[in-house]
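All figures in this text were calculated on a predicted structure; none of them were measured in a lab. Here, residue 1 is the first one in the sequence, and each next residue gets the next number.
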Amino acid sequence: MNWKQMRRSFGTFDANLWRWQFLRQLRRQLGRLGLDRGLVRRTAESAQLIFNDHRGDAPDKQGVTVVGLNALLLAAYRELIDAGVQRTVAFDAIRNTFRACFHKPTQLAVRTVMLLSNDPVRLLQRVRLSRVFGRIFGKMFTFEDRYSEQGVELRITKCGSNEFFIRHGEPLLTLIFCEWDQNWLGPIQSSRHAIKVDRPVTMATGAGHCEFHIGRSMEAKIVRDVTIQRRTEAMNALREEDHPD
């Protein structure tokens, strides 16, 4: 890879794979909305500049991917706003774009695990979610877990994405990052097992930490996720920005 190519990439295989997938899904989303697909190129250029400015924030290779994703979400949202798209439309477009990234393989992998496991709760206890997610996200996130016979509680006490979007004056974009989790939470909840999945609090909705609860339950199979429940509030806040009067 030459210097010119390096300047137009995020520098690691994983980060570039996510970059390619995001821009691919963004092109599809803009096509559905009838928007100028030239926004994809402008997003890629803007994201590269943001990434270059924040590459030093990444303490490890996982952090490079996180910084790249943050840059893509922020750049895409701002490019749509600058193109005259209303904030609510831009927010939904970026949310749908990001959630579609690796949607099918993620759901297939989780469904397969749930199908093959006789006791998913015990499996989650054995693999230790904090260790799994720590390896995925690296040092820009901090995870803690608690276990009981009835389930697993995963806490996130540091979120590099939330810190990034607050710093850039767009804290609501953290909700988009959070909502991608529906790609793995949904298949757990909808499996053949008697499992309940909750996310009662997140930093994106004002709490000091994020929580996931995955436990044994015979209740209705609906993922109770505060990021979904509070989406209306986020959209109302964006409408107020579009129409301050």
A.B. asks: Can we say Arg126 and Asp119 salt-bridge, meaning some charged N sits less than 4.0 Å from an Asp/Glu carboxylate O?
C.D. replies: no
A.B. asks: Measure across Ala71 and Ala47 and return the closest heavy-atom pair with its distance rounded to 0.1 Å.
C.D. replies: CB-O, 3.5 Å
A.B. asks: Minimum heavy-atom separation for Ala90 to Val85, with atom names?
C.D. replies: N-CG1, 3.7 Å
A.B. asks: Are Glu211 and Arg199 close enough for a salt bridge, meaning some N to O gap below 4.0 Å?
C.D. replies: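 Salt bridge between Glu211 and Arg199, a charged N being under 4.0 Å from a carboxylate O: no.
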A.B. asks: Counting C-beta onward and ignoring hydrogens, is there a side-chain heavy-atom pair between Leu124 and Val132 closer than 4.5 Å?
C.D. replies: no
A.B. asks: Main chain of Pro171, side chain of Thr174: is a donor-acceptor contact present, judged purely on distance under 3.5 Å?
C.D. replies: yes
A.B. asks: Would you call the rings of His54 and Phe164 parallel, tilted or perpendicular, taking 30° and 60° as the class edges?
C.D. replies: perpendicular
A.B. asks: Determine whether Leu74 and Leu49 fall in the same hydrophobic cluster, where Ile, Leu, Val, Met, Phe, Trp and Tyr are linked whenever their side-chain heavy atoms lie under 4.5 Å apart.
C.D. replies: no
A.B. asks: Rounded at 0.5 Å granularity, tell me how far OG1 in Thr97 sits from CD in Gln21.
C.D. replies: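 Rounded to the nearest 0.5 Å, the OG1-CD separation comes out at 10.5 Å.
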A.B. asks: Ring centres of Trp18 and Phe102 under 6.0 Å apart?
C.D. replies: yes
A.B. asks: Looking just at side-chain N and O atoms, do Thr227 and Asp225 make a donor-acceptor pair shorter than 3.5 Å?
C.D. replies: yes
A.B. asks: Let me see the working for Leu17 and Thr12 under side-chain contact (heavy atoms from CB on, under 4.5 Å), right down to the final yes or no.
C.D. replies: CA-CA 9 Å; Leu17 186 62; Thr12 70; over 6 Å; no
A.B. asks: Quick check: is Met203 connected to Ile166 through a chain of hydrophobic side chains (ILVMFWY, heavy atoms under 4.5 Å apart)?
C.D. replies: no
A.B. asks: Dump the intermediate steps for side chain to side chain donor-acceptor pair (under 3.5 Å) on Asn16 and Arg19, then the final yes or no.
C.D. replies: CA-CA 5 Å; Asn16 282 326; Arg19 176 181 182 274; 4.9 Å; no
A.B. asks: Rounded to the nearest 0.5 Å, what separates atom CZ in Arg231 from atom CD1 in Ile176?
C.D. replies: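 The distance works out to 10.0 Å.
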A.B. asks: Any sub-3.5 Å donor-acceptor pair from Asn183's side-chain atoms to Trp180's backbone N or O?
C.D. replies: yes
A.B. asks: In Å, rounded to the nearest 0.5 Å, how long is the span from CG of Leu173 to CG of Asn70?
C.D. replies: 9.5 Å
A.B. asks: Identify whether Leu123 and Val110 are in the same connected component of the hydrophobic contact network (ILVMFWY, side-chain heavy atoms under 4.5 Å).
C.D. replies: yes
A.B. asks: Side-chain contact, heavy-atom cut-off 4.5 Å: Arg224 with Gln229?
C.D. replies: yes
A.B. asks: As an exercise, state the distance from CZ of Arg135 to OG of Ser130, rounded to the nearest 0.5 Å.
C.D. replies: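 Rounded to the nearest 0.5 Å, the CZ-OG separation comes to 10.0 Å.
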A.B. asks: Give me the atom names and distance for the closest heavy-atom approach of Leu172 to Ala234.
C.D. replies: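 Leu172 and Ala234 have their closest heavy atoms at CD1-O, 3.8 Å.
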A.B. asks: Are Asp57 and Arg167 within salt-bridge range, i.e. N to O under 4.0 Å?
C.D. replies: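 Answer for the salt bridge query: yes.
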A.B. asks: For Thr65 and Asp14, which I'm curious about, is there any donor-acceptor pair between the side chains at under 3.5 Å?
C.D. replies: no
A.B. asks: Would you check if Val121 and Tyr147 make a side-chain contact, meaning some heavy-atom pair closer than 4.5 Å?
C.D. replies: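 A side-chain contact is absent here, since even the closest heavy-atom pair is not under 4.5 Å.
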A.B. asks: Where the side chain of Gln48 meets the backbone of Ser9, is there a donor-acceptor pair that is under 3.5 Å apart?
C.D. replies: yes
A.B. asks: I want to check something: taking the side chain as every heavy atom from C-beta on, are Phe143 and Leu154 in contact at a cut-off of under 4.5 Å?
C.D. replies: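 In contact.
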A.B. asks: Treating His193 as the side-chain partner and Pro120 as the backbone partner, does any N or O pair qualify as donor plus acceptor under 3.5 Å?
C.D. replies: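 No: the side chain of His193 does not pair with the backbone of Pro120.
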A.B. asks: Do Ser46 and Arg78 make a side-chain contact, defined as non-hydrogen atoms from C-beta onward lying under 4.5 Å apart?
C.D. replies: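 A side-chain contact is absent here, since even the closest heavy-atom pair is not under 4.5 Å.
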A.B. asks: Measuring centre to centre across the rings, with the benzene-like ring taken for any Trp, is Trp20 within less than 6.0 Å of Phe10?
C.D. replies: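 Here the rings of Phe10 and Trp20 have centres that are no less than 6.0 Å from each other.
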A.B. asks: Anything under 30° is parallel, anything over 60° is perpendicular, the rest tilted; go ahead and classify Tyr77 against Phe91.
C.D. replies: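 Plane angle over 60°, so perpendicular.
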A.B. asks: Side-chain heavy atoms under 4.5 angstrom apart, residues restricted to Ile, Leu, Val, Met, Phe, Trp, Tyr: same cluster for Ile136 and Val113?
C.D. replies: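 In one cluster: yes.
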A.B. asks: Evaluate the side-chain proximity of Leu72 to Phe51: yes if any heavy-atom separation is below 4.5 Å, no if none is.
C.D. replies: no
A.B. asks: Please indicate whether Asn118 has more than 12 foreign heavy atoms, meaning atoms of other residues, nucleotides or ligands, lying under 6.0 Å from its CG.
C.D. replies: no
A.B. asks: If you apply the rule side-chain contact (heavy atoms from CB on, under 4.5 Å), what do you find for Glu241 with Gln86, and how did you get there?
C.D. replies: CA-CA 9 Å; Glu241 291 187 44; Gln86 288 190 343; over 6 Å; no
A.B. asks: Indicate whether any N or O donor in one side chain lies under 3.5 Å from an N or O acceptor in the other, for Arg99 and Asn96.
C.D. replies: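 On atom types as modelled, these side chains do not qualify, holding no pair under 3.5 Å.
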A.B. asks: With clusters defined by side-chain heavy atoms of hydrophobic residues (ILVMFWY) lying less than 4.5 Å apart, directly or transitively, does Phe22 cluster with Phe13?
C.D. replies: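 As far as the 4.5 Å side-chain criterion goes, Phe22 and Phe13 are connected within one cluster.
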A.B. asks: Within this structure, what is the CG-CD distance for the pair Leu129 and Glu153, rounded to the nearest 0.5 Å?
C.D. replies: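 Reported to 0.5 Å precision, the distance equals 11.5 Å.
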A.B. asks: For a 4.5 angstrom cut-off between non-hydrogen side-chain atoms, does Lys139 reach Gln62?
C.D. replies: no
A.B. asks: Under 4.5 Å between any side-chain heavy atoms of Leu185 and Gln182, yes or no?
C.D. replies: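 Sidechains of Gln182 and Leu185: in contact.
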A.B. asks: What pairs of donor and acceptor atoms, side-chain ones from residues 28-43 against any protein atom, are under 3.5 angstrom apart with sequence neighbours left out?
C.D. replies:
residue: Asp36; atom: OD1; partner: Gly38; partner atom: N; Å: 2.8
residue: Arg41; atom: NH1; partner: Glu45; partner atom: OE2; Å: 3.4
residue: Thr43; atom: OG1; partner: Leu39; partner atom: O; Å: 2.8

A.B. asks: Parallel, tilted or perpendicular, judged at 30° and 60°: which one describes the rings of Phe137 and Phe177?
C.D. replies: tilted
A.B. asks: Hey, what do you get for CD (Glu179) to CZ (Arg95), rounding to the nearest 0.5 Å?
C.D. replies: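 That separation rounds to 4.5 Å.
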A.B. asks: Assess whether side-chain contact (heavy atoms from CB on, under 4.5 Å) is satisfied between Ser161 and Leu69, documenting all intermediate values.
C.D. replies: CA-CA 9 Å; Ser161 293; Leu69 289 173; over 6 Å; no
A.B. asks: Please report the C-alpha distance between Met114 and Ile195 in whole Å, then the side-chain angles of each, then the deciding distance to 0.1 Å, and finally whether the side-chain contact (heavy atoms from CB on, under 4.5 Å) criterion is met.
C.D. replies: CA-CA 11 Å; Met114 301 305 291; Ile195 292 180; 3.7 Å; yes
A.B. asks: Could you check Glu144 against Lys158 for salt bridge (charged side-chain N to carboxylate O under 4.0 Å, His left out), going step by step and ending with a plain yes or no?
C.D. replies: CA-CA 10 Å; Glu144 302 171 356; Lys158 174 181 171 59; over 6 Å; no
A.B. asks: Before accepting this row, confirm whether a basic side-chain N of the pair Arg155/Asp145 lies closer than 4.0 Å to the acidic partner's carboxylate O.
C.D. replies: no
